[in-house]
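Below is one structure; the comments refer to it alone.
Source: prediction; values computed, not measured. Numbers restart at 1 for each chain; the letters A, B, ... are given by sequence-line order, proteins then strands.
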Protein chains: 2
Amino acid sequence: MHDHGTYPLKDLNLKTTPKRVAILNLLAQESTYISPEEIWRKLKGQFSRVGLPTVYRNLEELAAGGIISKVIHPNRQLYYYFCPNRDHHHHFICVACRRVEDVDYCGMEDVERQVSERIGGRVLSHIVQVNGLCRSCSAKGGNGESTHVGVMK
Amino acid sequence: MHDHGTYPLKDLNLKTTPKRVAILNLLAQESTYISPEEIWRKLKGQFSRVGLPTVYRNLEELAAGGIISKVIHPNRQLYYYFCPNRDHHHHFICVACRRVEDVDYCGMEDVERQVSERIGGRVLSHIVQVNGLCRSCSAKGGNGESTHVGVMK
DNA sequence: TTTTTAAAAGGAAATGATTTCTGTTTACAT
DNA sequence: ATGTAAACAGAAATCATTTCCTTTTAAAAA
Ligand SMILES: [Zn+2]
Ligand SMILES: [Zn+2]
Ligand SMILES: [Zn+2]
Ligand SMILES: [Zn+2]
């Protein structure tokens, strides 16, 4: 789907290993979020030996480095997604088909002001995720899996 | 801390059992988010017999009913919080002391419009959580636990 | 090119929070 | 008071994720 381009793995003190690159390429091909085990199954088609811990380790490192993003899922399992958009933004995920789309919106400036002025605290990070049904899944009328994580009304 | 008032457990087809009420009361006394096991330990001071599954079950039911809210935590464990504010809003959580504060802000109207117009999808729910250090923890200069879940830059 | 070395990977095993199961007990509508 | 579906306890299972330890390897240094 997208090309992940040349990522500064070096800047993150991550060696450019075949496994790591393959994981990144697999993610870049997907337009949906994916689990560590799914990545692992795909990797096994390319390498004779791959350990699941290697996949978990790499996904975590890539996410920590900001190259890929985590998806919050009600079943509490880990899912990751690679998004080529380097500007700050958030995602709309389809709970039925796992498709991920960009949401170019983030009101964190206002929130930070409010936290600073009214609460006296300091914002370190924030989580924003929009769950729903994409166009095609919405048309099919499917409900998908229920998504009740965080505050939702 | 707060009184959870009279909640329409009946409206959710939940019986008013001693355990359930006790859990709700415990949560209402806290100004921080809390784990199922912590609730369980506190419950054991009030009942001779309490099962951990009972706690998990009740917390899940109360959260599904919108009476309490879940907190997204990087260690992937479950945490819950009771907030008496019935208006739609989100939370600022202190990653150091677990304190939770209201954030009266939510740009979901705009997001829904964008999702509808540009993506053609339908929003079912959304997750918004602001992580940081509250006033006192910020003053102490503590860092608290790292919080890297979801998209954060 | 040949070391050198710290990071990366494998694979087996452990972990432990959460869930499932099953046989009682209980809230509450009739 | 009785019936019935919901709740509960307790023990056991689950299973995604981590940990551990040994072997390989990327890539910096010589
Ligand atoms: Zn994106
Ligand atoms: Zn944002
Ligand atoms: Zn609140
Ligand atoms: Zn909102």
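- When the P atom of C/dC28 is taken as reference, atom CG of B/L9 falls 9 Å away, rounded to whole Å.
- The CD1 atom of A/I34 sits 15 Å away from the P atom of D/dA16 (whole-angstrom rounding).
- Following rounding to the nearest Å, B/F47 (CZ) and C/dT25 (C1') show an atom-to-atom distance of 14 Å.
- Salt-bridge formation is not detected for the pair A/R98/A/E30: no Lys NZ or Arg NE/NH1/NH2 atom is positioned less than 4.0 Å from an Asp or Glu carboxylate oxygen.
- Distance B/W40 CH2 to C/dT19 P: 16 Å, rounded to the nearest Å.
- Remark: A/K70 fails to qualify as a cation-pi partner of A/Y79 under the 6.0 Å distance and 45° angle criteria applied to the six-membered ring.
- Rounded to whole Å, atom P of D/dT18 lies 14 Å from atom CD of A/E37.
- The pair B/R41-B/E37 counts as a salt bridge, with a side-chain nitrogen and a carboxylate oxygen less than 4.0 angstrom apart.
- Per the geometry, OH belonging to B/Y56 stands 18 Å off C1' belonging to D/dA7, to the nearest Å.
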Each nucleotide N or O in nucleotides 24-30 of chain D that has a protein N or O under 3.5 Å away: list the pair and distance.
from, atom 1, to, atom 2, distance (Å)
D/dA26, N3, A/K15, NZ, 3.3
D/dA27, OP1, A/T16, N, 2.9

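- At whole-Å resolution of the value, CG in A/N58 and C1' in C/dA9 are 9 Å apart.
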Between the protein and nucleotides 13-16 of chain C, list every N/O to N/O distance that falls short of 3.5 Å.
none

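- Going from atom CZ of A/R57 over to atom P of D/dT17 covers 15 Å, rounded to whole Å.
- Judged by a 6.0 Å distance limit and a 45° cone about the ring axis, A/K44 is positioned over the six-membered ring of A/W40.
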